[in-house]
Amino acid sequence: MKDIGLARLTVKDLGVGRGGLPLLRGVSFALAPGQALMLRGANGIGKTTLLRTIAGLQPPQAGRVEAEEDTLAFAGHSDGVKATMTVEENLEFWAAVFGHEGTARAMRDLDLMRLMTRPARDLSAGQRRRLGLARLLVTGRAIWLLDEPTVSLDRESAGLFEAALAAHLGQGGAALISSHLDIGGMTDVLDLTPFRATPAALGLAEGSW
Amino acid sequence: MIRLFLRDLSLSIRAGGGFGLALAFFLIIVTLVPFSIGPEPLLLAQIAPGVLWLGALLACLLSLDRLFALDFEDGTLDLLVTAPLPLEGVVAAKSLAHWVTTGLPLTLAAPVFGVLLGLEGDAAIWLVTSLALGTPALSFIGGFGAALTVGLKRGGLLLSLLVLPLYVPTLIFGAEAAARGMAGLNAATPLALLSGITLASLALLPFASAAALRANLK
């Protein structure tokens, strides 16, 4: 197994927004190796936008994100699974893209061995999500940025994910997770409500626009 | 990058991938022309290079809107952007795969379809040469258009409107080279200009497409 690199992520005074509309302001936290941080907040507060900004999919409106190069792995709402490729081919592709190995281990950890030769279009929503999570294991990246990872997973599958996450943290990895469901073993929680961007916080007087 | 290229090839050949669709469309256009123009072999042979070039261009357009849209819809594009691949390389690999699954088969099939229009012998060689040099530009220019319209619902029509005017130089020089070659004239100049357009597209457009994709993912 290749070294996963240093899992250190520092977010300083970050401001994010969607479609030009500011959502969050002044978000600061640090993530150390072995740590998992849970993001909480009401629907629409900007959890996904925050994760996408940290992943580098969109530029921050303010502040900065500090992480070593090539340490972040993002998993969003959609799993990036190709319907006509089999489970194994999907994983092999991502393993090759990230120049990493461990396809077999990833399938074992998320109980996909039985489904290995099945085209992804024939998977259930939960199985598909497990495949999306198995992709994280083959990226070999240290910091996982997960957007609602346990959606559509049953209790048993969520347990598999928790075990995989615990193993990842045990190896010195880290994770930033947005979820409205409880994930076992997650203790560090960051509530985003105080960071909500308000006109006052942006220095705008009421009705100035 | 090679893996991405191979993946795109295998995806397009599998069920629902659309391989062969462009070829069938090309065949239908070529078959329709004698019906609309009338069965006059001389006239048909004269307009054949233009018709075949136009057909190739439209057939290529047919599959362009899927180039990035499918990856965008299933979330793959997000993951590719965050993967350790340069986005310019991703665009180039996907455009190349598009050419191999549309432009290349069209080029190879053109002499066969040309027979329907009374094209024969040397003329077919000129046609294949001009298509081989020109169709890569169609895929790369199209890739740029697809990158610009990737987030839009029903972006296909807009894509056509954006891309077709950009195809004009390729069409002019491609059809001109084939026509001149057929008439026994010197076709070196249009062929050189055609190659120039293709090479410039290969060199520059992946950067423009990658910038467009980044802007669209925000």
Side-chain angles (χ1 to χ4, degrees), chain A residues 2 5 16-21 48-49 51-61 67 69-86 89-100 119-122 128-129 131-132 135-136 138-141 143-145 147, chain B residues 1-21 63 66-94 96-98 101 147 150-153 209-218:
Chain A
K2 219 162 62 173
V16 303
R18 194 174 164 76
L21 190 74
T48 299
T49 310
L51 283 174
R52 289 179 68 88
T53 307
I54 293 172
L57 285 165
Q58 60 183 78
Q61 291 183 337
E69 210 177 329
D70 288 345
T71 50
L72 298 168
F74 173 73
H77 287 289
S78 30
D79 297 310
V81 163
K82 282 290 165 202
T84 50
M85 296 190 348
T86 67
E89 285 169 331
N90 268 298
L91 278 180
E92 289 276 355
F93 168 70
W94 287 112
V97 164
F98 281 88
H100 201 74
R121 63 165 169 265
D122 297 336
R128 184 180 277 256
R129 178 39 60 113
L131 175 55
R135 187 191 62 85
L136 286 168
V138 302
T139 60
R141 293 285 176 92
I143 305 167
W144 291 355
L145 306 170
D147 199 359
Chain B
M1 222 109 83
I2 296 167
R3 276 306 288 252
L4 179 64
F5 171 70
L6 294 176
R7 185 205 68 151
D8 266 32
L9 283 192
S10 75
L11 279 178
S12 82
I13 290 164
R14 283 179 198 195
F19 179 75
L21 211 64
S63 50
R66 307 165 62 101
L67 191 58
F68 295 113
L70 291 181
D71 278 349
F72 177 76
E73 279 159 20
D74 65 19
T76 308
L77 204 54
D78 280 350
L79 304 177
L80 282 175
V81 171
T82 53
L85 296 176
L87 194 53
E88 292 76 13
V90 169
V91 173
K94 290 184 75 68
L96 190 65
H98 179 262
T101 51
V150 72
L152 303 174
K153 296 262 178 263
S209 310
L213 279 182
R214 284 202 188 93
N216 267 332
L217 284 177
K218 266 179 215 170

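Proteins come first, then strands; the chains are lettered A, B, ... in the order of their sequence lines, and each starts at number 1. What you see is a predicted model, and the numbers here were worked out from it, not measured in a lab.
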> Does any heavy atom of chain A fall under 4.5 Å from the side chain of B:Leu80, the backbone, both, or neither of them?
both
> Side-chain contact, heavy-atom cut-off 4.5 Å: B:Pro84 with A:Arg141?
yes
> For a quick test of reading the model, state the closest non-hydrogen atom pair linking A:Ala55 to B:Thr82 and the distance between them.
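So the minimum-distance heavy-atom pair works out to O-CG2, 3.7 Å.
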> Nearest heavy-atom pair of A:Ser78 and B:Asp74: which atoms, and what distance?
CB-O, 3.7 Å
> Shorter than 4.5 Å, heavy atoms on both sides: which option in A:His77, A:Glu92, A:Arg18 has the most such pairs with chain B?
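Looking at each of A:His77, A:Glu92, A:Arg18 in turn, A:Glu92 comes out on top.
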> What is the distance from atom CG of B:Leu79 to atom CZ of A:Phe93, rounded to the nearest 0.5 Å?
9.5 Å
> So how far is it from A:Lys82 NZ to B:Asp8 CG, rounded to the nearest 0.5 Å?
7.5 Å
> Go through it in stages, so that I can follow the logic: the residues are A:Phe98 and B:Leu85, the test is side-chain contact (heavy atoms from CB on, under 4.5 Å), and I'd like the CA-CA distance, side-chain angles, deciding distance and then a yes or no.
CA-CA 8 Å; A:Phe98 281 88; B:Leu85 296 176; over 6 Å; no
> So for A:Val81, is it side chain, backbone, both, or neither that comes closer than 4.5 Å to the heavy atoms of chain B?
backbone
> Quick one: does A:Arg52's side chain have a donor or acceptor within less than 3.5 Å of a partner on B:Leu217's backbone?
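Pair found, side chain donor or acceptor close to backbone of B:Leu217.
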> So which of B:Leu6, B:Asp78, B:Leu4, B:Val81 has the largest heavy-atom pair count under 4.5 angstrom toward chain A?
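Ranked by contacts with chain A, first place is B:Asp78.
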> Picking from A:Pro59, A:Gly76, A:Ala75, which has the most non-hydrogen pairs under 4.5 angstrom with chain B?
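Of the candidates given, the most pairs with chain B belong to A:Pro59.
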